[in-house]
Amino acid sequence: MRAPSEQVTFATIGNDIRRFLVSSPNGLIMKTLNKFNGSLAKFHKDERGLEALQIVMIIAVAAVALIFVKKNWDDGIKPWFDDVVGQVLDFTE
């Protein structure tokens, strides 16, 4: 337990968390996190893993864009879209 006058910093909080993780039964939490980090590192070092990550990120960005369009279609996007299409159709050189 910290003394009330002791300054709390990110380093002291990190040390407390590290102490908790290591002191868990048989250090199970820390072992699990280390295995996960190892698997994640292997995945990222592999070129196929990098390509898979890029695909996931592209899909995530597309999903956010689609959700935005779905939520705002009637309020602002459809009138703007109809206006732009009308300008294109009415365009003459």
Looking at residues at least two apart in the chain, or sitting in another chain, which of them share a salt bridge (Lys or Arg N to Asp or Glu O under 4.0 Å) with Asp90?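 Salt bridge (Lys or Arg N to Asp or Glu O under 4.0 Å) list for Asp90, sorted by chain: empty.
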Applying a strict under-4.5 Å side-chain criterion to I, L, V, M, F, W and Y, I'd like to know whether Ile58 and Val61 cluster together.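 No, because Ile58 and Val61 fall into different hydrophobic clusters, even though each may have its own neighbours under 4.5 Å.
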Taking a hydrophobic cluster as the set of Ile, Leu, Val, Met, Phe, Trp and Tyr residues connected by side-chain heavy atoms closer than 4.5 Å, whether directly or through intermediates, do Val84 and Leu89 fall within one such cluster?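 Yes; tracing contacts between hydrophobic side chains, which count when under 4.5 Å, links both residues.
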Closest heavy-atom pair and its distance - Val69, Ile77: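 Taking every non-hydrogen atom into account, CA-CD1, 3.7 Å.
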Do any pairs count as a side chain to side chain donor-acceptor pair (under 3.5 Å) and have a residue in residues 73-87, sequence neighbours left out, and if so which ones?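 As it turns out, the side chain to side chain donor-acceptor pair (under 3.5 Å) pairs with a partner in residues 73-87, which skip direct neighbours, are Lys78-Asp82, Asp83-Gln87.
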